*Asks:* 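Following this message is one structure expressed as structure tokens.
These numbers were taken from a predicted model, which means no experiment stands behind them.
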2 protein chains.
Amino acid sequence: MARRDRDPSPVVPKAAAARLSLYLRFLESLREHGVPTTSSQKLAAGVGVTAAQVRKDLGYFGQFGLPGIGYRIDHLVDELRRILGTDRTWNVALVGIGNLGSALAEYRGFERQGFRFVALFDRDPAIVGRAFGSLAVDSIESVEPVVRVRGVELGIIAVPAPAAQEVADLLVAAGIRGIYNFAPAVLQLPPQVAYVSIDLAVELEQLSFSVTQQRPT
Amino acid sequence: MARRDRDPSPVVPKAAAARLSLYLRFLESLREHGVPTTSSQKLAAGVGVTAAQVRKDLGYFGQFGLPGIGYRIDHLVDELRRILGTDRTWNVALVGIGNLGSALAEYRGFERQGFRFVALFDRDPAIVGRAFGSLAVDSIESVEPVVRVRGVELGIIAVPAPAAQEVADLLVAAGIRGIYNFAPAVLQLPPQVAYVSIDLAVELEQLSFSVTQQRPT
DNA sequence: AAGTGTGAAGGCCTTCACAGCA
DNA sequence: TGCTGTGAAGGCCTTCACACTT
């Protein structure tokens with residue numbers, strides 16, 4: 001007996017989605033140089049993949065190219081932004097204003113892509129109240145009301161590993177929709193909350209592994 | 001006609017190597033709690049993969065388990081460190097002492113895994129000379145001699161995107177063996193130089209993509 | 001009885017190759 | 001002619017299943 005609604009939306013390989021951001025970065029830099037169109041070949045060379053892969057990846061989301069011509073950069077940039085969800089502004093909260101958190105709070109790269117910090121939290125009373133630009137650090141106690149009032153949708157966790165799960169639970173309880181975790185810990189989250197995790201030391205270990213194996217990544 | 005030396009060393013899936021670090025983190029935390037042994041099942045639950053995957057991944061590097069018992073944690077930690085190359089200390093140089101670079105210079109997580117900063121560089125005269133712990137920031141001009149004299153093997157790039165390739169070239173010319181890049185740029189490097197790249201904003205875009213698709217990563 | 005190590009099967013992702021369009 | 005879009009083929013990675021070990 002056939003099941004209805006089996007796999008309702010197009011299945012996009014996770015790896016393909018990850019490359020979309022790289023394509024977008026490269027297209028933006030081309031646009032800054034006034035280039036009007038490009039090809040899958042040039043795009044591929046710019047981000048270090050094959051031309052077939054570029055076409056296949058874009059093909060999961062629609063038809064954006066012109067046979068014989070290539071891709072109109074303005075158009076493809078708009079489409080990629082829409083697909084990635086960065087054609088709008090996201091309200092972001094940052095929890096943990098230590099070394100890494102402070103740097104993230106001042107990092108300009110997020111804002112450029114449509115991510116805006118609207119709340120900063122820390123547990124340490126010596127840090128609560130400190131100002132970053134026009135934003136003041138709030139106490140971790142006030143996560144729930146602040147997240148709701150300011151319409152925070154994404155949370156960034158930059159606290160020590162032992163506190164990470166607890167912070168994640170707070171953010172989830174406050175209704176956050178996605179978590180970006182820098183703590184070296186694996187978080188347990190409900191399936192409806194999106195999750196991206198980066199462990200800076202793990203990545204560095206991958207480098208020492210590559211060097212040790214005498215093989216470039 | 002058969003080719004000699006075809007594929008001389010065991011082929012390890014890249015993804016498998018990446019998980020080794022996660023296994024190591026989890027094992028270290030178990031050890032801190034005084035646990036003497038564990039199983040592929042428990043290890044898998046701790047890092048969010050399947051037990052078969054754990055056994056397969058470890059199987060690429062040797063036989064570390066005891067049938068009926070599991071894995072001796074002390075032993076497996078030592079083996080993983082050896083495999084990942086973190087059973088020794090690595091001398092690391094950090095280039096670009098802005099917000100992110102400053103945070104990385106003070107981040108304790110690297111040292112804990114055997115990575116030691118022995119040189120800091122920046123182009124800005126206002127930053128050169130500033131001290132981080134016992135380390136002073138050197139001018140970018142002195143990369144080559146400093147890298148050679150202090151035996152730097154790995155370089156971390158935390159400069160703006162337009163300067164990243166130039167900095168990478170300097171590090172390569174100085175004889176560095178691996179580069180960890182935080183700049184939102186794709187670097188061209190000779191094949192013998194290992195390469196790991198993280199774009200913090202790209203990862204955040206993956207989060208907004210997941211939320212937009214209403215699908216957890 | 002419990003749990004590893006591993007060939008075989010399966011599935012997903014990448015590469016190939018070319019029809020079709022500008 | 002140049003380049004995209006896309007089925008088909010190929011390859012890599014994951015999952016399965018069980019022989020084997022303690």
*Asks:* OP1 or OP2 of D:dT6 sitting under 4.0 Å from any side-chain N/O of A:Gln63?
*Replies:*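 True: A:Gln63 side-chain N/O within range (under 4.0 Å) of D:dT6 OP1/OP2.
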*Asks:* Quick one: does A:Glu205's side chain get under 4.5 Å of B:Trp90's, heavy atoms only?
*Replies:*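 The answer is no; the side chains never approach within 4.5 Å.
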*Asks:* Does a side-chain N or O of A:Ser39 approach OP1 or OP2 of D:dC3 to a distance below 4.0 Å, or not?
*Replies:*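 Checking D:dC3 against A:Ser39, no side-chain N or O comes under 4.0 Å of OP1 or OP2.
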*Asks:* Below 4.0 angstrom from OP1 or OP2 of C:dC13, is there any side-chain N or O of A:Gln53?
*Replies:*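 No, A:Gln53 has no side-chain N/O under 4.0 Å of OP1/OP2 on C:dC13.
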*Asks:* Quick one: A:Phe64 CZ to D:dT6 P, roughly how many Å, whole number?
*Replies:*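 Answer to the nearest Å: 11 Å.
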*Asks:* Ignoring backbone atoms, test whether A:Ser40 places a side-chain nitrogen or oxygen under 4.0 Å from the OP1 or OP2 oxygen of D:dT4.
*Replies:*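 Answer yes for this pair, as a side-chain N or O of A:Ser40 is under 4.0 Å from OP1 or OP2.
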*Asks:* Do A:Tyr107 and A:Phe110 have ring centres separated by under 6.0 Å?
*Replies:*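 Aromatic pair counts; centres sit under 6.0 Å.
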*Asks:* With a 4.0 Å cutoff (strictly under), does any side-chain N or O of A:Gln41 reach OP1 or OP2 of D:dC3?
*Replies:*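 A:Gln41 to D:dC3 OP1/OP2: no side-chain N or O under 4.0 Å.
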*Asks:* Tell whether B:Lys42 reaches the base of C:dG3 with its side chain through a donor-acceptor pair below 3.5 angstrom.
*Replies:*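 No such pair is found, so the answer is no.
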*Asks:* Whole angstroms only, please: what is the CZ-P distance between A:Arg55 and D:dG2?
*Replies:*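 For the pair A:Arg55 CZ and D:dG2 P, the rounded distance is 15 Å.
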*Asks:* Nearest-Å distance, NZ (B:Lys56) to C1' (C:dA9)?
*Replies:*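 The answer, rounded to whole Å, is 11 Å.
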*Asks:* Between atom CG in B:Leu43 and atom P in C:dG3, what is the gap in whole Å?
*Replies:*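 In whole Å, C:dG3 P and B:Leu43 CG are 13 Å from each other.
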*Asks:* Reckon B:Gly65 touches a base, only the sugar-phosphate, or nothing at all at heavy-atom distances under 4.0 Å?
*Replies:*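 The residue B:Gly65 makes sugar-phosphate contact but no base contact.
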*Asks:* Rounded to whole Å, how long is the line connecting atom NZ of A:Lys14 with atom C1' of D:dC13?
*Replies:*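 My rounded result for the distance is 14 Å.
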*Asks:* Does the side chain of B:Thr50 get closer than 4.0 angstrom to OP1 or OP2 of D:dT15 through an N or O atom?
*Replies:*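 Checking B:Thr50 against D:dT15: at least one side-chain N or O falls below 4.0 Å of OP1 or OP2.
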*Asks:* Please report, rounded to the nearest Å, how far the P atom of D:dC3 is from the CG atom of A:Leu58.
*Replies:*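 One finds 16 Å between P of D:dC3 and CG of A:Leu58, rounded.
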*Asks:* Does B:Arg72 CZ have over 12 foreign heavy atoms under 6.0 Å away?
*Replies:*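 No, because the 6.0 Å sphere around CZ of B:Arg72 holds 12 heavy atoms or fewer from other groups.
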*Asks:* For A:Ile69 and D:dT1, what is the distance between atoms CD1 and P respectively, to the nearest whole Å?
*Replies:*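 In whole Å, D:dT1 P and A:Ile69 CD1 are 16 Å from each other.
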*Asks:* Under 4.0 Å: is that the gap between some side-chain N or O of B:Arg19 and OP1 or OP2 of D:dT14?
*Replies:*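 Looking at the OP1 and OP2 atoms of D:dT14, one of them is under 4.0 Å from a side-chain N or O of B:Arg19.
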*Asks:* Would the number of heavy atoms belonging to other residues, nucleotides or ligands and lying under 6.0 Å from CZ of B:Arg82 be above 12?
*Replies:*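 Check passes, neighbour count above 12.
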*Asks:* Please report the distance, rounded to the nearest Å, between CZ in B:Phe61 and C1' in C:dT6.
*Replies:*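 So the two atoms are 16 Å apart, to the nearest Å.
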*Asks:* Examine D:dG5: is either OP1 or OP2 under 4.0 Å from a nitrogen or oxygen in the side chain of A:Tyr71? Give yes or no.
*Replies:*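 For A:Tyr71, the contact criterion (side-chain N or O under 4.0 Å from OP1 or OP2 of D:dG5) is met.
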*Asks:* Could you tell me how the ring of B:Phe182 sits relative to the ring of B:Tyr180: parallel (under 30°), tilted (30 to 60°) or perpendicular (over 60°)?
*Replies:*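 Tilted: the ring planes of B:Phe182 and B:Tyr180 meet at 30° to 60°.
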*Asks:* Pick the closest DNA chain C nucleotide for A:Leu66 and for A:Pro13 by heavy atoms, then say which residue is nearer the 5' end.
*Replies:*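 Its nearest nucleotide lies further toward 5', so the answer is A:Pro13.
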